Amino acid sequence: PDKIEIYLDNKLTYRYNITDAEKIYSVNGKDGRIKIDVRGGTVRVLESPCRNKLCVKQGAVSQNGDVLVCLPEKMVIKLTGAENEVDGVLK
């Protein structure tokens, strides 16, 4: 993958390059700040205001199409790349 897409409340809110230098991003979730660590081609949630911290316990993901989810914060992180491009959507 070459990008991470961060969806908040089912809306694409942020898109970052995963190949950029190692970085920690901070995004506003429903109840507070969520820290996301991008390092060595992997992505993980470092901190979240949610109660059970399941998103933090998921660990790092690195494959095209992988997702990290925090239901209480209504956040989804997707790893995307050229092989994962969508060329159409049916409704």
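Below, all heavy atoms of this structure are taken into account, side chains as well, without hydrogens, waters or symmetry copies. Bear in mind the structure is a predicted one, so any value in this text is a computation, not a measurement. FYI, the numbering just counts along the sequence from 1.
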Per side chain to side chain contact (heavy atoms under 4.5 Å, CB included), Tyr25 is matched among Ile34, Val38, Ile77 by Val38
If I take atom CG from residue Leu68 and atom CD1 from residue Ile36, how far apart are they, to the nearest 0.5 angstrom?
8.5 Å
If you apply the rule side-chain contact (heavy atoms from CB on, under 4.5 Å), what do you find for Thr13 with Val27, and how did you get there?
CA-CA 9 Å; Thr13 309; Val27 299; over 6 Å; no
Hey, could you give me each pair passing side-chain hydrogen bond (donor to acceptor under 3.5 Å, both in side chains) that has a residue in residues 26-36? Not counting sequence neighbours.
Ser26-Arg33, Asn28-Arg33
For the student: nearest non-hydrogen atoms of Pro1 and Leu79, plus distance:
CG-CD2, 3.8 Å
Can you give me the closest heavy-atom contact between Ala60 and Thr42, atom names plus distance?
CB-CB, 4.0 Å
Table please: side-chain donor-acceptor pairs of residues 44-51 below 3.5 Å, with sequence neighbours left out.
from: Arg44; atom 1: NE; to: Asp37; atom 2: OD2; distance (Å): 3.3
from: Ser48; atom 1: OG; to: Cys50; atom 2: N; distance (Å): 3.4

Who else is in the cluster with Val69 when I, L, V, M, F, W and Y are joined by side-chain contacts under 4.5 Å?
Tyr7, Leu12, Val67, Leu71, Val76
Indicate, with yes or no, if Leu8 and Val56 share a hydrophobic cluster defined by side-chain heavy-atom contacts under 4.5 Å among Ile, Leu, Val, Met, Phe, Trp and Tyr.
yes
Does any pair with a residue in residues 6-18 pass salt bridge (charged side-chain N to carboxylate O under 4.0 Å, His left out), and if so which ones, sequence neighbours excluded?
Glu5-Arg15
Write out all pairs satisfying salt bridge (charged side-chain N to carboxylate O under 4.0 Å, His left out) with one or both partners inside residues 67-81, taking only residues at least two apart or from two chains.
none
Does Lys3 form a side-chain contact (heavy atoms from CB on, under 4.5 Å) with Asn17? I'd like the steps, not just the answer.
CA-CA 4 Å; Lys3 298 207 181 331; Asn17 223 344; 3.9 Å; yes
